Amino acid sequence: MKVSIKVPLLDVCRQNLPLQAELTEAFERVLLSGQFINGREVERFEAAAAAVAGTRYAIGMSSGTDAILVALMALGIGPGDEVICPSLTFFATAGCIVRVGARPVFADCCEECFNIDPAGIEPLITPRTKAIIPVHLFGQPADMDPIVELARRHKLAVIEDVAQAYGSEYRGRPAGSIGDFGTVSFFPSKNLGALGDAGLLVTNDATLAGTAFLLRNHGEHVKYHHRLVGGNFRLDALQAALLGVKLPHLGAYTAARQEHAFAYQAAFQGLKALKTPVTHLDRNHIFNQYTIRTPRRDELKQFLQDRGITTAIYYPVPLHRQECFRPLGPFPELPRSEALANEVLSLPVFPELQPAEQDAVVSAVREFFRS
Ligand SMILES: *Cc1c(COP(=O)(O)O)cnc(C)c1O
């Protein structure tokens, strides 16, 4: 008789419950302090979080999305400007460009690592181009050296979207420390997940850090005196305290993700109809997602779902095909992003995935390709 188990894509409770006592203690500390906005909890977390990104400055943010928005605002990007970004990414990357009044210019991706293809960027640069936003998709940094070199040559800013790659490295340098800004998300599904929305903006540039710090709080430099028009982009003291409990475990979470990824790589060798993710040797891939590729994607997803295994498609619609951006187009075709949108599938790779669960995924995938 076949015993089947349900395998979730992610189970945040398995991560948070072992820390219940410490998280509760952090909650009580904030509760009793009465300081819910700004203050010591935020500052303490920012200092610890800057160390992971290897940057001089880290500014707590209300979300990863707001971190991108504030980075664009701090760089003075607005109407008439263009910003180059990948199309195969989460919506926020391009959504924020439009929110500041600028125009997203979509670049195609590398077929192997899914990240923005540096070779495709230069032809997209115009006199209106102000910045490039490479996204470190699924936990593997984009090829930053050629991107930074291009940016220097054309006097463009670089904002690294580190939402899925906080703690990863490119040629020995932490993701987020290479461009002018790095934007981090602590959405619960990210490698470091808050108990709600939270984010971080990191930079080594003192002037940009100062501007971002003001923008986070309505541009207020002295109480009721506003130098800039900012917004409320603050990180809650409560989330900062809870994140402070989880941050010391990030390395162990990442190691567990990598172990699962390597197990999948070994198990899927020899399956010709399935492409496993490519990890470049000069990068530390931290596997926020383990994403495979197959032309029989939809069929495989259904096959796994029928066996109790949940998977996800990141992303089914590339951003240059999104309805809301249509008035900004027409956008040229991006054949690799479009092909990948039809063929990618992310398998469960969360740190607490159990060996029996991973075995169930592997067996089911193998069975599918035998049929
Ligand atoms: C999650 C994510 C964001 C947005 O982060 P939030 O904290 O959810 O606002 C931005 N970009 C990418 C690539 C993401 O994966």
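Keep in mind it's a predicted model, so treat the numbers as computed, not measured. Numbering starts at 1 and runs along the sequence shown.
- Nearest approach of Phe325 to Gly95, heavy atoms of both residues: CZ-N, 3.9 Å.
- For Phe268, the ring-ring contact (aromatic ring centres under 6.0 Å, His included) criterion is met by Tyr264, not counting sequence neighbours.
- Under the 6.0 Å cut-off for aromatic ring centres, Phe91 and Tyr315 do not qualify, their centroids lying 6.0 Å or more apart.
- Side-chain contact check for Gln35 versus Val42: every heavy-atom pair is 4.5 Å or farther apart.
- In this structure, Asp236 has no side-chain hydrogen bond (donor to acceptor under 3.5 Å, both in side chains) partners at least two apart in sequence or on a different chain.
- Phe287 and His285 have parallel rings, their planes meeting at less than 30° on a 0 to 90° scale where 60° marks the start of perpendicular.
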Item to complete: Carefully, step by step, assess His320 and Glu338 under the rule side-chain contact (heavy atoms from CB on, under 4.5 Å).
Response: CA-CA 9 Å; His320 70 290; Glu338 281 159 40; 2.6 Å; yes

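- For the side chain to side chain donor-acceptor pair (under 3.5 Å) condition, the pairs that include at least one residue of residues 267-282, sequence neighbours left out, are Arg171-Asp282.
- Residue pairs meeting the side chain to side chain donor-acceptor pair (under 3.5 Å) criterion with at least one partner in residues 131-141, sequence neighbours excluded, are His136-Glu160.
- Taking the side chain as every heavy atom from C-beta outward, Asp161 and Ile68 approach each other to under 4.5 Å.
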message = Applying side-chain contact (heavy atoms from CB on, under 4.5 Å) to Arg29 and Glu41, what does each step give before you reach the verdict?
response = CA-CA 10 Å; Arg29 196 171 68 233; Glu41 295 288 352; 2.7 Å; yes

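- Evaluation of the salt bridge (charged side-chain N to carboxylate O under 4.0 Å, His left out) rule for Glu28 yields no partner, not counting sequence neighbours.
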Given side chain to side chain donor-acceptor pair (under 3.5 Å), test Gln302 with Asp306 step by step and report yes or no.
-> CA-CA 6 Å; Gln302 187 60 52; Asp306 292 343; 2.8 Å; yes

Show every donor-acceptor pair shorter than 3.5 Å between a side-chain atom in residues 101-110 and any protein atom, with sequence neighbours excluded, or say none if there are none.
| from | atom 1 | to | atom 2 | distance (Å) |
| --- | --- | --- | --- | --- |
| Arg103 | NE | Leu328 | O | 3.0 |
| Arg103 | NH2 | Leu328 | O | 3.2 |
| Asp108 | OD1 | Ser337 | N | 2.8 |
| Asp108 | OD1 | Ser337 | OG | 2.6 |
| Asp108 | OD2 | Arg336 | N | 3.0 |

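- Shown here are the salt bridge (charged side-chain N to carboxylate O under 4.0 Å, His left out) partners of Glu25, two or more places apart in sequence or in another chain: there are none.
- For the pair Leu69/Val100, a side-chain contact is recorded, criterion being any heavy-atom separation below 4.5 Å from C-beta on.
- The shortest side-chain heavy-atom distance between Phe350 and Leu353 falls under the 4.5 Å cut-off.
- For the pair Gln239 and Ala198, the tightest heavy-atom approach, listed with the atom from each and the gap, is CB-CB, 4.3 Å.
- The ring-ring contact (aromatic ring centres under 6.0 Å, His included) test applied to Phe262 returns no partner, not counting sequence neighbours.
- Considering all non-hydrogen atoms of both residues, Arg283 and Ala142 come closest at NH1-C, 3.8 Å.
- Counting heavy atoms from C-beta outward, Glu111 and Asp117 have side chains that stay 4.5 Å or more apart.
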Inset, instruction - Show your reasoning for whether side-chain contact (heavy atoms from CB on, under 4.5 Å) applies to Arg293 and Leu274. - result: CA-CA 6 Å; Arg293 183 175 178 190; Leu274 174 160; over 6 Å; no

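- The side-chain contact (heavy atoms from CB on, under 4.5 Å) test with Ile133 is passed by exactly one of Ile147, Ile97, Val158, Ile116: Ile97.
- Rounded to the nearest 0.5 angstrom, His154 NE2 and Ile125 CD1 are separated by 4.0 Å.
- Nearest heavy-atom pair across Asp205 and Thr207 is OD1-N, 2.9 Å.
- At most 12 non-hydrogen atoms from other residues, nucleotides or ligands lie less than 6.0 angstrom from CZ of Phe213.
- With hydrogens and angles disregarded, a donor-acceptor distance shorter than 3.5 Å links the side chain of Glu46 to the backbone of Gly60.
- From Leu228, atom CG reaches atom NE2 of His218 across 13.0 Å, with rounding to the nearest 0.5 Å.
- Judged by distance alone, the side chain of Arg128 and the main-chain N or O of Glu82 form no donor-acceptor pair under 3.5 Å.
- Ile84 is listed as a side-chain neighbour of Thr129, based on a closest heavy-atom distance under 4.5 Å.
- Following chains of ILVMFWY side-chain contacts shorter than 4.5 Å, one cannot reach Val317 starting from Phe331, and the two form parts of different hydrophobic clusters.
- Listed by first and then second residue, the side chain to side chain donor-acceptor pair (under 3.5 Å) pairs involving residues 52-79 are Ser62-Asp66 (not counting sequence neighbours).
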Expected list for residues 187-197: side-chain donor-acceptor pairs under 3.5 angstrom, two or more places apart:
| from | atom 1 | to | atom 2 | distance (Å) |
| --- | --- | --- | --- | --- |
| Asn191 | OD1 | Asn288 | ND2 | 2.9 |
| Asn191 | ND2 | Ile286 | O | 3.1 |

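- Between Arg370 and Glu367 the shortest side-chain heavy-atom distance falls below 4.5 Å.
- A continuous path of ILVMFWY side-chain contacts below 4.5 Å connects Met73 to Phe181, so both sit in one hydrophobic cluster.
- Arg44 is linked by a salt bridge (charged side-chain N to carboxylate O under 4.0 Å, His left out) to nothing, counting only residues two or more places apart in sequence or in another chain.
- In this structure, Ile309 and Ala364 approach most closely via the heavy-atom pair CD1-CB, 3.8 Å.
- By the 6.0 Å and 45° rule, Arg257 does not stack over the aromatic ring of Tyr253.
- Taking OH of Tyr170 as the reference point, atom CG of Asn284 lies at 14.0 Å (rounded to 0.5 Å).
- Using a 4.5 Å cut-off on side-chain heavy atoms (C-beta onward), Leu300 and Thr311 make no contact.
- Ile121 and Leu319 end up in different hydrophobic clusters when Ile, Leu, Val, Met, Phe, Trp and Tyr side chains are linked at under 4.5 Å.
- Note that CD1 of Ile313 and CG of Asp298 are 5.5 Å apart. Values are rounded to the nearest 0.5 Å.
- Here the CG-NZ distance, from Leu72 to Lys130, works out to 12.5 Å after rounding to the nearest 0.5 Å.
- One distance of note links NE2 of His226 with CG of Asn217; it measures 8.5 Å at 0.5 Å rounding.
- In the hydrophobic clustering of ILVMFWY residues, with side-chain heavy atoms under 4.5 Å counting as a link, Val135 and Ile159 come out apart.
- Close placement of the Phe138 and Phe114 rings is indicated, their centers lying within 6.0 Å of each other.
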**OP:** Could you check Tyr166 against Leu200 for side-chain contact (heavy atoms from CB on, under 4.5 Å), going step by step and ending with a plain yes or no?
**Re:** CA-CA 10 Å; Tyr166 183 59; Leu200 189 76; 4.3 Å; yes

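- A single hydrophobic cluster is not seen to contain both Val184 and Val12; linkage of ILVMFWY side chains at heavy-atom distances under 4.5 Å, directly or through other members, places them apart.
- For the salt bridge (charged side-chain N to carboxylate O under 4.0 Å, His left out) test, residues two or more places apart in sequence or in another chain that qualify with Asp11 are Arg14.
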